[in-house]
Amino acid sequence: MSDRGLVLVVATPPERAETVRRLESDLDGAAVVAAGNIPSAMHVVRQRRVDCVVSDYEVPDDAGMLLQGGEKLLRRVRDYDARLPFVLFTEVGDGVVARSLITEGITDYIQRDGSRAAYDRLASRVATVLDHRETERRAEWQRRVTETIREVNRALVRASTRPEIERDVCERLAGADLYCSAAMGRVEGGAFEPSVRVGDLPADADPAAVVPLGGVDALDGVRVDRTGDGCGHAAAVPVVRGSAGYGILVVCAARPDALDDTEQAILAELGETIAHAIEAVETREDLKARERELARQNERLQNFASMVSHDLRNPLQVLVSRLSVLEGEGDSDHVRAMRDAVDRMTALIDDVLRLATGGKDAVEPEPVALERVARDAWEINADGGRLSVDAPGGVVADESLLRQLLGNLFRNSLEHAGPDVTVRVERCPGGFAVADDGPGIPPGEREWIFELGYSGDGAGTGYGLAIVDEIADAHGWDVAVAESAAGGARFEVTGVEFAE
């Protein structure tokens, strides 16, 4: 079919032949067919997409009668399609007839007098009709394309996995009457390999002609192929969001006016929407995997806490019993020091178990002096090294857990920097920092040092900094690692509420 449309001429010879010849000459891009009576005319209307009927007033009806044949044909056409343009081109010049036909819904009435001017008027009117029909048709197709894309978007919202997205997109595109088939896939080994394909290809559509061998990275916008002899067209749509490519969407249509610039723009936007949906579900899957890993880490921490509670309380109870005997035999500085150490160890075990099993609910915050707690933690945990504290005022924290957090940071500095290390505790914007002058932590390891079981040199247990992170999180704080002014490690704890 011609791109401009199809005109049906209904008349008897020789008027039919002359009208067809003139319209074919004057209507560039339009196809013209002819019928000699009402039955054959209606057969064409029903079987083909006619854009305009041009009829004489006297055409044979089913019985071969000419009288008022044009009126009869108009009524038959209107019963079938109330909007199909109908132009009467006839020698009959009766005004009463014209008014009657206008009432019946005729598009125009042009008197045929054999002159060139009459045929020019007919061609001009039919050209206007065809242009209007083309505009209406394109608007209708665009509406249907938009509605189809809307259905695809609804499916994208409901989809929870990438295969589900690809399947739903192809099913909805191929399920509409806009596209014969839809596929999503990638270029593998110089060929398009679909992960999903729905529908049948038009005989003259060639998807391979639109898919670049370089894959989605070589596809700069929507690519369309119209090289077929018929009306089978194919389009490749990049499924891309930013610099991330998620494959290629290929659609095939059997519409002669398919995949124009407007439709290509809609498909390009759809490709971005599909990419966004795939990115979202993959992000959700990554988050779920991360949550599962965190759950495993929390379980390990709880198991560790239970182990500490079980395995250390028994020998600790032996120490408590023997200390009670020694205290009964007499008082000494050694016995008092041992009692203090046992009490601190008991409190530490209780804190670890409380934190591991209670999380944020285990925290009992109150105003505490940061410098005092830091010096207490250093006295308990340090064997060598030097402590410098410049942290006036207080913070709102669980004192026992804060002492444990600082103690783990102090031991981390001593383990990695040795007994000559200098550790400094100071205020920083939003909280406090613990910094040392040791070898520091390589940037590539900073992302992982708080992971449970991770030890930079392989010598530690990997629990110390993980406990620091757990205590900070239980308080609602953030802890980050950087490089100190001396080139060592610097841990900044922020989100802290101050108590001046």
Side-chain angles (χ1 to χ4, degrees), residues 1-62 66 68-90 98 101-110 112 118-144 177-178 202 229-233 253-258 260:
M1 180 180 290
S2 172
D3 291 340
R4 194 170 184 186
L6 178 64
V7 180
L8 171 61
V9 175
V10 187
T12 57
E15 290 83 5
R16 181 173 69 234
E18 180 63 15
T19 303
V20 169
R21 186 183 68 81
R22 294 293 187 98
L23 289 178
E24 285 180 336
S25 174
D26 295 340
L27 295 177
D28 184 32
V32 183
V33 297
N37 54 45
I38 291 176
S40 60
M42 289 307 301
H43 178 77
V44 174
V45 168
R46 292 189 181 98
Q47 296 299 318
R48 303 181 66 175
R49 192 188 71 187
V50 176
D51 294 292
C52 182
V53 176
V54 176
S55 176
D56 199 346
Y57 185 72
E58 294 180 343
V59 294
D61 61 12
D62 301 69
L66 294 173
Q68 296 182 333
E71 291 188 50
K72 295 175 184 177
L73 176 59
L74 175 60
R75 284 191 289 270
R76 297 275 290 276
V77 168
R78 285 290 166 263
D79 288 341
Y80 179 78
D81 184 350
R83 299 181 61 188
L84 178 57
F86 192 105
V87 177
L88 193 68
F89 185 56
T90 181
L101 291 171
I102 290 172
T103 303
E104 294 284 350
I106 196 171
T107 304
D108 206 346
Y109 181 105
I110 299 173
R112 186 179 71 241
Y119 284 102
D120 288 345
R121 287 194 298 272
L122 174 63
S124 176
R125 187 67 179 96
V126 172
T128 300
V129 167
L130 294 180
D131 290 343
H132 181 69
R133 288 279 286 183
E134 177 66 13
T135 300
E136 285 186 335
R137 186 163 49 247
R138 288 186 179 276
E140 174 62 16
W141 280 117
Q142 288 175 16
R143 183 194 66 77
R144 293 167 67 181
D177 60 357
L178 296 170
D229 295 333
C231 56
H233 306 322
R255 294 174 280 130
D257 53 355
D260 61 9

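Because only heavy atoms are used, hydrogens play no part in the values below, and waters and symmetry mates are left out as well, while side chains stay in.
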Subject >> Closest heavy-atom pair and its distance - V45, Y80 >> reply: CG1-CD2, 3.5 Å

Original post:
For the residue pair A41 and L73, what are the closest heavy atoms and their distance?
Top reply: CB-CD1, 4.1 Å

**OP:** Would you please test R143 and E140 for salt bridge (Lys or Arg N to Asp or Glu O under 4.0 Å) and show each step?
**Re:** CA-CA 5 Å; R143 183 194 66 77; E140 174 62 16; 2.7 Å; yes

Subject >> Heavy-atom side-chain proximity of V33 to R48 below 4.5 angstrom >> reply: yes

**OP:** Could you name each residue pair satisfying salt bridge (Lys or Arg N to Asp or Glu O under 4.0 Å) that touches residues 78-88, not counting sequence neighbours?
**Re:** R83-E136

Subject >> V20, V44, V54 screened by side-chain contact (heavy atoms from CB on, under 4.5 Å) with L8, the one that passes >> reply: V44

**OP:** Please round to the nearest 0.5 Å and tell me the distance separating atom CD of Q68 and atom CG of L74.
**Re:** 12.0 Å

Original post:
Residues two or more places apart in sequence or in another chain: which of them pass ring-ring contact (aromatic ring centres under 6.0 Å, His included) with F89?
Top reply: Y119

Original post:
Can you name the side chain to side chain donor-acceptor pair (under 3.5 Å) partners of R125, sequence neighbours left out?
Top reply: D108

**OP:** Give, for atom CE of M42 and atom CD of Q47, the distance between the pair rounded to the nearest 0.5 Å.
**Re:** 11.0 Å

**OP:** Compare all side-chain heavy atoms of R133 with those of L84 and state whether any distance is below 4.5 angstrom.
**Re:** yes

Subject >> Criterion side-chain contact (heavy atoms from CB on, under 4.5 Å) against E24, the qualifying member of T19, V7, V32, V9 >> reply: V32

**OP:** Of all the heavy-atom pairs spanning V10 and N37, show the shortest one and how long it is.
**Re:** CG1-O, 4.2 Å

**OP:** Over all heavy atoms of both residues, which pair between A11 and V59 is shortest? Give the atoms and the distance, please.
**Re:** CA-CG1, 3.8 Å

**OP:** May I ask you to decide if L6's main-chain N or O and D51's side chain share a donor-acceptor pair within less than 3.5 Å?
**Re:** yes

**OP:** Determine the minimum heavy-atom distance between G70 and S55, stating which atoms define it.
**Re:** CA-OG, 4.3 Å

Original post:
Are any of the side-chain heavy atoms of R22 and D120 separated by less than 4.5 Å?
Top reply: no

Original post:
Would K72 and D62 pass as an ion pair if we require N to O under 4.0 Å?
Top reply: no

**OP:** Using a 4.5 Å cut-off on heavy atoms from C-beta on, say whether the side chain of T12 contacts that of P60.
**Re:** yes

**OP:** Quick one: closest heavy-atom pair of T107 and P85, and the distance?
**Re:** OG1-CA, 3.3 Å

